[in-house]
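Bear in mind that the values here come from a model prediction, so they are computed numbers and not experimental data. For the numbers below, each heavy atom of this structure counts, side chains included, while hydrogens, waters and symmetry mates do not. In what follows, chains are A, B, ... by sequence order, proteins preceding strands, each numbered from 1.
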Amino acid sequence: MKSENSLIEEIVSLSKRKGFVFQSSEIYGGLNGFFDYGPLGVELRKNIKDAWWEDMVRRRDDVVGLDSSIIMNPKVWEASGHIDGFTDPMVDCKESKMRYRADQLFAAEILVDEESLGWVSVIESETMEADALKKAEMVKRKAAKQGELQKLSLTSYDELNPDQQEQVPSPATGKPGSLTPPREFNMMFETHVGALKDGSSKSFLRPETAQGIFANFKNIVDTGRVKLPFGIAQIGKAFRNEITPRNFIFRSREFEQMEIEYFIPPGEEEWKKFHQEWIGVRKAWFKGIGLTDDHLGEEVHPQEKLAHYAQACTDITFKFPFGEHELEGIAARGNFDLTQHQKYSGKSLEYFDEGSKQKFLPHVIEPSLGVDRTFLAVLCSAYSVDEIDGEKRTVLRFHPRVAPIKAGIFPLVKNKPALVERAKQLYSKLQRKWNVTYDQGGAIGRRYRRIDEAGVPFGITIDFDTVEGDGSITVRDRDTTEQVRMSEEELFAYMDSKIST
RNA sequence: GCGGGCGUAGCUCAGCUGGUAGAGCACCACCUUGCCAAGGUGGAUGUCGAGGGUUCGAAUCCCUUCGCCCGCUCCA
């Protein structure tokens, strides 16, 4: 465990040292749950997003793109259920300092022959009925009461009135009086549109990008020349006022999502087929950007834990140093969202199917992932420390496609003008095509190590054979540190083939 | 939100029975260097997280606050 903690610490420290991730507004002491991406970070992020957009939108005939606004008509969030459902009423026990979700804390009055002996409380579980009964019998025995214990009717804490809530004992201490009234936490950030700050101007920063897609469904069907099955893809920022942001950029309050709503015909057969298909597509994509098989996993949400609108949900997980967690959720959402928006907007969102001559609300498969989580997974996957001639080396083994800098160009030594000039020439040529870097400071070995730490896949060195011999340059491989000589034309083809797989 | 630990140079950290700051690495310049963190010379760098208090004097003691890590709690 200790080594795993220090691994994430090393990655956080490297992220800052090399300019991948900074704490937001750090000079003012930072702000919990917000992050800034530095020169290398912004490139890596962009490459991840570009790879996704390229593979999921441009190279597919059945997916189109969208960029919807962050602030939308607040009715969108009424329809989606976020205003009511994105709230978790919480109860604190002042004595034991434990916190419970009010809807998971159940209580019942203990009645013996119509006489109250107080209340029992239990935390929601499969055995809670039996647990409550046991506790109630204990109370009865202590009170030395004869008579028959009436059947307990367990009610969740948030449905009790304040007087009743006061009598509920804390599950931790067994005594009443230490529980607070339920307090609401809505995870949506509120803001106001326009100069007036009254109730009518209240609006929200979107907690997910998906609703922007659903809200635009009709626009795209009407204009996009799309036919079922088809997807609408979007990359964009979303905001959640998380109670406890944790684990570096894994759970932050401002994050970026890459989501597809893939619309399909209704029917059990249909969604099962497409759901499975998308799990395969998405897993392959992660491997394609360099996440290794041994880090990736799948987690099928059990039926009883699904959100009320979902038919199924499978997570693609990644083994982070702090545990295995969700990278992407692939949900079968039925037609819940379109149904809701049709109801709240009063506009028909039905799709007319040419083949069957039928009108219906399409169902949807939603592959949804976080850019920042993917970023962290790529970083964790790439991070390694190896040894070269007995010296420790930190190296980020990014897949060339996502690597922030593709190549470093070096004159072997800087005090020979011919080498320097030739290296700068090549640098400006490569610069037109890729993000590359030029470095002439220090010994060549030091410069190699510098680019290793930044995850640059290719080190290109101009030596005396380049300027006095056949003109060939040397290309060093970051992972093996082996070098091959090739001509300049070969270099372009070589890099191209490695980067654009 | 609660409990515990912590915040000193870009990074890792030392200094903390109060006397206004150091090391290693990194960085910049020049010299040197014919392939994997070589060497030399010189240089820049911190109102010691922030605010307040005690004191002649605070990085060091006290309070508040912000942030980070861990555990609870939460997590479309």
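Scanning for salt bridge (charged side-chain N to carboxylate O under 4.0 Å, His left out) contacts around Glu78(A) gives an empty result, with sequence neighbours left out. Under the ring pair (Phe, Tyr, Trp, His ring centres under 6.0 Å) criterion, Phe217(A) pairs with Phe263(A), sequence neighbours left out. With sequence neighbours left out, the side-chain contact (heavy atoms from CB on, under 4.5 Å) criterion links Ala79(A) to Gln340(A), His341(A), Tyr344(A). Residues satisfying the salt bridge (charged side-chain N to carboxylate O under 4.0 Å, His left out) test with Asp67(A), not counting sequence neighbours, are none. Not a single salt bridge (charged side-chain N to carboxylate O under 4.0 Å, His left out) links Lys343(A) to another residue, sequence neighbours left out. Here Phe286(A) pairs with nothing under the ring pair (Phe, Tyr, Trp, His ring centres under 6.0 Å) rule; sequence neighbours left out. Taking the salt bridge (charged side-chain N to carboxylate O under 4.0 Å, His left out) definition, one finds that Glu366(A) meets it with Arg333(A), sequence neighbours left out.
As judged by a 4.0 angstrom heavy-atom cut-off over every strand, Gln483(A) is placed among the base-contacting residues. Backbone-only contact: Ser13(A) has heavy atoms under 4.0 Å from sugar-phosphate atoms and none from a base. The residue Gly19(A) sits apart from the nucleic acid: no heavy atom pair falls under 4.0 Å. Counting non-hydrogen atoms under 4.0 angstrom, Phe248(A) reaches the backbone sugars and phosphates but no base.
Ring centroid separation for the pair Phe248(A) and Phe250(A) does not come in under the 6.0 Å cut-off.
For the pair Gln23(A) CD and rG7(B) P, the interatomic distance rounds to 15 Å; values are reported in whole Å. Note: CD (Glu468(A)) to P (rG34(B)) measures 13 Å, nearest angstrom. Distance CG (Asn241(A)) to P (rG1(B)): 11 Å, rounded to an integer number of Å. In this structure, Lys416(A) atom NZ and rU33(B) atom P are separated by 6 Å, rounded to whole Å.
Annotation: proximity of residues 365-387 of chain A to RNA chain B (heavy atom, distance under 4.0 Å) is found for no residue.
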Can you check nucleotides 37-40 of chain B for protein contacts, nitrogen or oxygen pairs under 3.5 Å, and list what you find?
residue : atom : partner   : partner atom : Å
rA37(B) : N7   : Arg449(A) : NH1          : 3.2
rA38(B) : OP1  : Arg446(A) : NH2          : 2.9

Produce the list of close N/O pairs, under 3.5 Å, pairing protein atoms with atoms of nucleotides 46-51 of chain B; give distances to one decimal.
none

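Atom P of rC28(B) sits at a distance of 33 Å from the matching atom of rU20(B), rounded to the whole Å.
The salt bridge (Lys or Arg N to Asp or Glu O under 4.0 Å) contacts involving residues 375-387 of chain A comprise Asp386(A)-Arg393(A), Asp386(A)-Arg397(A), where partners must be two or more places apart or lie in separate chains. Listed by first and then second residue, the salt bridge (Lys or Arg N to Asp or Glu O under 4.0 Å) pairs involving residues 32-44 of chain A amount to none (not counting sequence neighbours).
Put simply, Lys16(A) has a side-chain N or O that comes within less than 4.0 Å of OP1 or OP2 on rC11(B). Listed pair Asn415(A) / rU33(B) meets the phosphate criterion, a side-chain N or O lying under 4.0 Å from OP1 or OP2.
Under 4.0 Å is where a charged nitrogen must lie from a carboxylate oxygen, and between Glu488(A) and Arg422(A) at least one such pair does.
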